[in-house]
Structures are given as C-alpha cells and as structure tokens.
Trainee: 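Take this structure first; my questions come after.
Reminder, nothing fancy here: chain letters follow the sequence lines and each chain counts from 1.
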Amino acid sequence: MKTFSEKVYDKLRTVPKGKVTTYRDLARSVNSKAYRAVGRAMKSNKNPVKIPCFRVVKSSGEVGEYSGRGGVKEKIRKLRREGICVKGNKIIDFEKFVYRF
DNA sequence: GCTTTGACACTAA
DNA sequence: CTTAGTGCCAAAG
C-alpha cells in the first residue's frame, strides 16, 4: 500500500503539461479529502525532480504557496512557461487550465 | 500513539 | 472586496 503522498505524486504526474490541478481535486482523485495533507506532502518533497509541484494550485484560482527557490514567484514563472498566464497570484482563465481527473 | 501543524477549502458576515 | 471562523486529514515529532 502506497502512502498517501506517493499516490498524490503519482496523480500529479498524470497532469499533462500546460495544465494545472488543485489541492482539492488532487486529494479527491486519491479518494481522500486531505487537501491539506497534499500540500504538506509537497513540502516534505520526497521527489522534487519528478514531481511538478508548481502545477498544483488552489481551487480559488490563486497559485497558492511554494517552497522552492524563489517561492511563489518562481512557481508563477514556471506556470507561465507552461503557457499559463498569472496575474498577481491569480491564474487567468483558470478554469481553462484546470485538469479534471 | 497522542498532539501539533500545514504549499487548503468553504461559509458567513 | 476582506476578515474571521470551522472543517479537513496525513505526516512529523
């Protein structure tokens, strides 16, 4: 039995490039409501290389937080590189970029 | 094995 | 729009 975190990582890897997912939906996709545990798992960051943490955002459309290098700024930069426009911590056309499982 | 914590979500005012 | 309060669950200590 994989741990919750491992399942989350696995799901996150299924998110196509140029798309994002939310903590809530991600948690739900692994049959749990532990959206908080998802973020916690990211920060625990067991596998920073394989896991595109920057593709995980809040359900409200905000980018949320980030613990890598430059914090949220770096996260936004990465999102933009995927083709997602971000304006002041808010994702433009967020619903368009959300990947639904 | 119990307590605290957190990269969140939702509702109400 | 903002603040405040409540709920949620796994991981760390």
Side-chain angles (χ1 to χ4, degrees):
Chain A
M1 181 62 180
K2 289 184 174 189
T3 67
F4 176 82
S5 302
E6 288 175 331
K7 286 191 284 190
V8 171
Y9 297 147
D10 197 56
K11 283 289 181 180
L12 183 51
R13 263 177 290 175
T14 70
V15 178
K17 184 170 183 290
K19 293 274 189 177
V20 296
T21 187
T22 69
Y23 293 100
R24 187 180 62 174
D25 287 348
L26 196 48
R28 291 206 163 179
S29 71
V30 295
N31 301 303
S32 179
K33 297 162 198 140
Y35 20 76
R36 318 231 28 209
V38 175
R40 243 190 88 73
M42 293 296 126
K43 133 179 150 168
S44 299
N45 208 349
K46 306 193 168 174
N47 211 331
V49 184
K50 302 177 186 176
I51 314 298
C53 320
F54 60 91
R55 282 189 202 150
V56 188
V57 298
K58 291 207 209 176
S59 64
S60 53
E62 302 172 76
V63 286
E65 299 295 315
Y66 194 64
S67 298
R69 287 199 299 161
V72 184
K73 267 193 157 303
E74 187 61 24
K75 180 170 181 177
I76 292 174
R77 188 176 310 170
K78 287 171 179 288
L79 287 172
R80 292 191 135 176
R81 204 173 64 182
E82 303 278 310
I84 301 168
C85 299
V86 179
K87 176 79 171 177
N89 280 39
K90 271 293 200 192
I91 296 179
I92 308 301
D93 291 321
F94 168 65
E95 310 214 0
K96 243 162 110 178
F97 294 112
V98 177
Y99 176 75
R100 312 224 185 250
F101 292 97

Trainee: With a 4.0 Å cutoff (strictly under), does any side-chain N or O of Ser59(A) reach OP1 or OP2 of dA9(B)?
Mentor: yes
Trainee: Does a distance-only test, which skips hydrogens and angles, find a donor-acceptor pair under 3.5 Å between the side chain of Tyr23(A) and the base of dA7(B)?
Mentor: yes
Trainee: Evaluate the side-chain proximity of Glu65(A) to Val72(A): yes if any heavy-atom separation is below 4.5 Å, no if none is.
Mentor: yes
Trainee: Does the protein touch nucleotides 8-13 of chain C at the base, only the backbone, or not at all? Give it as B, S and - per nucleotide, heavy atoms under 4.0 Å.
Mentor: BSSBS-
Trainee: Side chains of Phe101(A) and Val15(A): does their closest heavy-atom pair fall under 4.5 Å?
Mentor: yes
Trainee: Roughly how many Å is it from CD in Glu65(A) to P in dA9(B), rounded to a whole number?
Mentor: 11 Å
Trainee: Side chains of Ser59(A) and Asp25(A): closer than 4.5 Å at any heavy-atom pair?
Mentor: no
Trainee: In whole angstroms, how far is the P atom of dA7(B) from the CD atom of Glu62(A)?
Mentor: 15 Å
Trainee: Please examine the side chains of Lys11(A) and Thr21(A), heavy atoms only from C-beta on, and report whether any two atoms are closer than 4.5 Å.
Mentor: no
Trainee: Would you say that Phe94(A) contacts Val57(A) through its side chain, given a criterion of any heavy-atom pair below 4.5 Å between the two side chains?
Mentor: yes
Trainee: Rounded to whole Å, how long is the line connecting atom NZ of Lys58(A) with atom C1' of dG6(B)?
Mentor: 12 Å
Trainee: According to the side-chain hydrogen bond (donor to acceptor under 3.5 Å, both in side chains) rule, which pairs have a member within residues 80-99 of chain A, sequence neighbours left out?
Mentor: Arg55(A)-Glu82(A)
